[in-house]
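Notes for the one structure printed next.
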Number of protein chains: 2
Amino acid sequence: MKKITIGEAARQSGVKVPTVRYYESIGLLAAPSRSEGNQRSFEPADINRLAFIRHARELGFEIEAIRTLLTLQDDPHQSCASADAIAKARLVEVEQRIRSLMALKAELETMVEGCGHGRVDQCRVIEVLADHGQCTHPHH
Amino acid sequence: MKKITIGEAARQSGVKVPTVRYYESIGLLAAPSRSEGNQRSFEPADINRLAFIRHARELGFEIEAIRTLLTLQDDPHQSCASADAIAKARLVEVEQRIRSLMALKAELETMVEGCGHGRVDQCRVIEVLADHGQCTHPHH
DNA sequence: CCTACATCCTCTAGCGGCTAGAGGTGCAAG
DNA sequence: CTTGCACCTCTAGCCGCTAGAGGATGTAGG
């Protein structure tokens, strides 16, 4: 078969070379076979797996969650209830994070708008940071 | 004067005890005076400073940004342009992060809705993760 | 065949921002 | 005086990589 080097695998999957080795080291990716000169030789399936991992990481899933998702993918006859639960939990997290960031945004806007571009002792940025009680939006 | 222990300082500022020591170790907080038995003795001003740091951390500012904000606060005659710039940069980051999370949320919702709660081989969660091309929302 | 150069290998250490634990001391109440 | 909590220092660990040292391998051109 054609040998896929780690560089090729990295390029095709969008995962960086050291990160590929890191995923192997933590057991997220099976150790591939080696060439005579001890260089890794990946299969096309490995590239799919790497792309899966990358996509999941981009979606914010933690490594342990991805590990579970991958074992699910490896056994397609299982119920997908776990996958569903993981995705739902992540969705809740994301929604929470968005709410929190919106409050933050409002807070920062107030700070920036209030800054009269003068000296620090009239600066609303510093003032608001110094006194949480001045926060106009209930957050954090 | 009344001695404020590290535990008191932590309680009043909302920063955890080991974190207070950590902030001291990285020079974010001046080393306080010590009691005869070598225990830290804080001043009220230290509590304000800790609360400032905590608030800034909650707002997502990095330690180095906070360090700059603190030096600004220490010298109120300076122009607050730096503070303003830091806050504005943070605002841009937050806005970007919100946009990205909204796309993410949409993606996760599609995944979860598409899950027929059957077996993995029909599961949209796994499927979408495996094939980035199925993403309906342009994100990451 | 030889050389140059990119790519690969392993290994260790570092990033940010804490957090946990070991092993010991200080201090206030009963 | 003893109990027991809060404090002290120090080191190591968390996550998810990333950087760098120091060396081996693979490939293209001469």
Side-chain angles (χ1 to χ4, degrees), chain A residues 1-29 31-42 46-47 49-70 86 90 93 97 140, chain B residues 2-29 31-42 46-47 49-70 86 89-90 93 97 140:
Chain A
M1 333 298 175
K2 52 184 178 272
K3 52 197 162 182
I4 303 174
T5 67
I6 195 168
E8 255 313 298
R11 236 163 283 129
Q12 288 185 34
S13 65
V15 175
K16 288 183 196 159
V17 170
T19 308
V20 174
R21 285 195 277 250
Y22 170 71
Y23 288 159
E24 182 188 324
S25 81
I26 61 168
L28 213 52
L29 188 70
S33 57
R34 298 290 182 122
S35 76
E36 288 207 4
N38 198 34
Q39 304 206 191
R40 287 171 181 82
S41 182
F42 293 90
D46 294 322
I47 307 221
R49 199 172 175 94
L50 281 169
F52 183 108
I53 297 170
R54 186 196 157 204
H55 194 192
R57 286 295 299 143
E58 280 171 345
L59 289 167
F61 289 96
E62 289 176 7
I63 295 287
E64 286 316 301
I66 296 174
R67 201 186 289 279
T68 305
L69 289 170
L70 281 168
I86 291 172
R90 178 74 195 131
E93 274 171 40
R97 189 90 186 108
H140 44 276
Chain B
K2 55 184 176 267
K3 52 194 164 180
I4 304 175
T5 66
I6 195 169
E8 254 318 295
R11 234 162 286 130
Q12 288 186 33
S13 65
V15 175
K16 288 183 194 159
V17 169
T19 307
V20 174
R21 286 196 277 249
Y22 169 70
Y23 288 159
E24 183 188 324
S25 80
I26 61 169
L28 213 55
L29 189 69
S33 57
R34 299 289 182 123
S35 74
E36 289 208 3
N38 197 33
Q39 305 206 186
R40 287 171 182 80
S41 182
F42 293 92
D46 294 322
I47 310 235
R49 199 171 175 93
L50 281 170
F52 184 106
I53 297 170
R54 186 197 159 203
H55 195 191
R57 286 293 300 141
E58 280 173 345
L59 289 167
F61 290 95
E62 289 175 7
I63 296 287
E64 285 318 299
I66 296 173
R67 202 186 290 278
T68 305
L69 290 169
L70 282 168
I86 291 172
R90 178 76 195 131
E93 276 171 39
R97 188 93 185 105
H140 42 278

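Source: prediction; values computed, not measured. FYI, side chains are in, hydrogens and waters are out, and symmetry mates aren't considered; it's all heavy atoms of this structure.
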>> Tell me the interatomic distance from B/Tyr22, atom OH, to D/dA12, atom C1', rounded to whole angstroms.
In response: 15 Å

> Starting at CZ of B/Arg34 and ending at P of C/dG26, how long is that distance when rounded to a whole Å?
Replying inline: 13 Å

> Can you check the B/Gln39 CD to C/dT25 P distance for me, whole Å?
Replying inline: 13 Å

>> Rounded to whole Å, please give me the gap between CZ in B/Phe42 and C1' in D/dA6.
In response: 13 Å

> In whole Å, what is the span from the CZ atom of B/Arg57 to the C1' atom of C/dG17?
Replying inline: 6 Å

> Relative to the 5' end of DNA chain C, which residue comes earlier, B/Tyr23 or A/Gly7, by the nucleotide with the nearest heavy atom?
Replying inline: A/Gly7

> 5'-most contact on DNA chain C: B/Glu62 or A/Val17, nearest heavy atom basis?
Replying inline: A/Val17

>> Could you tell me how far apart B/Ile26 (CD1) and C/dG17 (C1') are, to the nearest whole angstrom?
In response: 8 Å

>> So, does B/Lys16 get its side chain near the phosphate of C/dC18, meaning an N or O under 4.0 Å from OP1 or OP2?
In response: no

> Of the candidate nucleotides C/dG17, D/dC8, C/dC8, which contains the atom at the shortest distance from the side chain of A/Ile6?
Replying inline: C/dC8

> Nearest of D/dG16, C/dC9, C/dG17 to any side-chain atom of B/Ile63?
Replying inline: C/dG17

> Starting at CD1 of A/Ile4 and ending at P of D/dG26, how long is that distance when rounded to a whole Å?
Replying inline: 17 Å

> Is B/Glu36 touching bases, backbone alone, or none of the nucleic acid, heavy atoms closer than 4.0 Å?
Replying inline: nothing

> Picking from C/dC8, D/dT9, C/dC18, which would you name as closest to the side chain of B/Thr19?
Replying inline: C/dC18

